[in-house]
Amino acid sequence: MSNDRDLHRVNTGQVELGATDVLADAPHVDVVLPPAVTHARLAYERKRPRWFREMFAEATGCYFYVYGGISAAICFNLDLIGGTGGALGNILTIGIGFGLAIAFGIIVSGGTSGGHLNPAFTLTFACYQGFPWRKVPYYILAQIFGCFMAAMTCYAQYHQQIRGVVEALQAAGEPVVGPTGPNSWFCAYPGATQTNLGYVFLNEFFCDSYIALLVWAVLDPANPFIAPTTAPFCIGLVYSVIVWGFALDTISTNPARDLGARMVTAIFFGRGTFPHYSAISILVPIPATLFGCGIYEFVFKDHMNIIKTGHMSHPDEELRRIETAELARQKTNQSADISHLEDVRVDNGKYA
C-alpha cells in the first residue's frame, strides 16, 4: 500500500501516467511512478530488429504527415464543391494541417529513426552527415509505403463523398483526372495554365531549396535560436509557409508523399494520374534538397562552433581566454609573493 505522499494528486486528484509525466520534476507535484521494467520486457526489446523499428518509425511518421495534410485538403475541396464556399477550410488551414502533421510525424518517429520522412533528406543525410548508405533503400521504401497507406486511408474515409464528385463530373461530361479533379487533392498536379514544364521545374526547385536550407539550419546543433523541443514545429512551419505561398503554383516538396499518394490515385482514377509532370514532382526535390542543404553545409555551418553557443565562441578562442586568465593569475600570485617577502625582516642575510 502506498503512503499518503504517493497518493497525492494535483488539484483534481486525477493526475496519472501519460502526458503528466512532464510534471514529474515540477516543484510541489507528485505523480504516480511508472512500474519497474521487467527482465522479460528488456529481453523483448533487445530481440527487436533495429532495421524493422527504423522502417516502422519512418512509415508511421510519413503516415502522420500525409494523413493530416491530405485530409485537410480533401475536407476543404469537398466543402468548396458542396456550395458553402469553403467554410470548413482554406489555404491557411491546409498549410497548418500539413505543418502540424509534419511536426507530429517527427515527434513520433524522431526518437527511433531520426524522423527523416523524406527520401530527399535521407539522401542528404547520407551525403553530408555520414548516414549509412546501406540504410537509405529501406528508409525510402518505408517512407513511400507510409505515404501510400495514409493516402489510402484518407480515400477510404472519404470514399462516398469522392465517388459522388466523380459521378457528378462524369454526368457533366467533365474529366475526372486533371488539375480540378479529385486526383489533385492527393498529389501535385499542374494547373490548366501551367503548360511550361520548365517554369514548373524552377518553381519546385526553388521551393524545395528554401525548405532544405531552413531545415538544415534548424538541425544545426550550434544554432542558438533553436531548442530541441521546438525543432519539429519549426520544420513544420517551414512547410506551412511554402504551402501558403506557392500551393497555387503546384509544388510537391516530398518524393515519397507525391509518389505514394499518386499510386493511390492511379488505383482509383486510372493511369492518367502519372503525366509527364510527375517526374518533376517525384525527382526534383532530391537535387533541390541537396542544393539547399549544401549551401548551409558549406557556407553557414562552422564545425568549430561549440554546441549551443552560436557564432560568438570557438574552442580555440575559449582556450586562449583560459590560458590568458591563467597567466594573469600566476603573475598576480608572483607579485603578491614578492611583496610579502619584501615585508619580512631580514636576519643574518636570510629570510626569517
Is it true that, when you exclude Tyr138 itself, more than 12 heavy atoms of the residues, nucleotides or ligands shown sit nearer than 6.0 Å to its OH? yes
Do Tyr296 and Asp220 get their side chains close enough for a donor-acceptor pair, meaning under 3.5 Å? yes
Over 12 non-hydrogen atoms of neighbours within 6.0 angstrom of CZ in Phe268: yes
Do you know the tightest heavy-atom contact between Leu169 and Pro175? CD1-O, 4.0 Å
Count the heavy atoms of every other residue, nucleotide or ligand shown that sit under 6.0 Å from CZ of Phe246, and state whether that count exceeds 12. no
Closest non-hydrogen contact found for Ala103 with Pro232 is CB-O, 3.5 Å
Do Arg262 and Phe186 have side-chain heavy atoms sitting under 4.5 Å apart? no
Please list, one pair per line, the donor and acceptor atoms closer than 3.5 Å that link side chains of residues 156-168 to other protein atoms, with sequence neighbours excluded.
residue, atom, partner, partner atom, Å
Gln157, OE1, Tyr67, OH, 2.7
Gln157, NE2, Tyr67, OH, 3.4

Check whether any side-chain heavy atom of Cys127 lies under 4.5 Å from a side-chain heavy atom of Leu290, and answer yes or no. yes
Other hydrophobic cluster members with Tyr44, side-chain heavy atoms of Ile/Leu/Val/Met/Phe/Trp/Tyr under 4.5 Å, chained? none
Side chains of Tyr210 and Thr253: does their closest heavy-atom pair fall under 4.5 Å? no
Do we see a donor-acceptor contact under 3.5 Å between the side chains of Asp258 and Ser281? yes
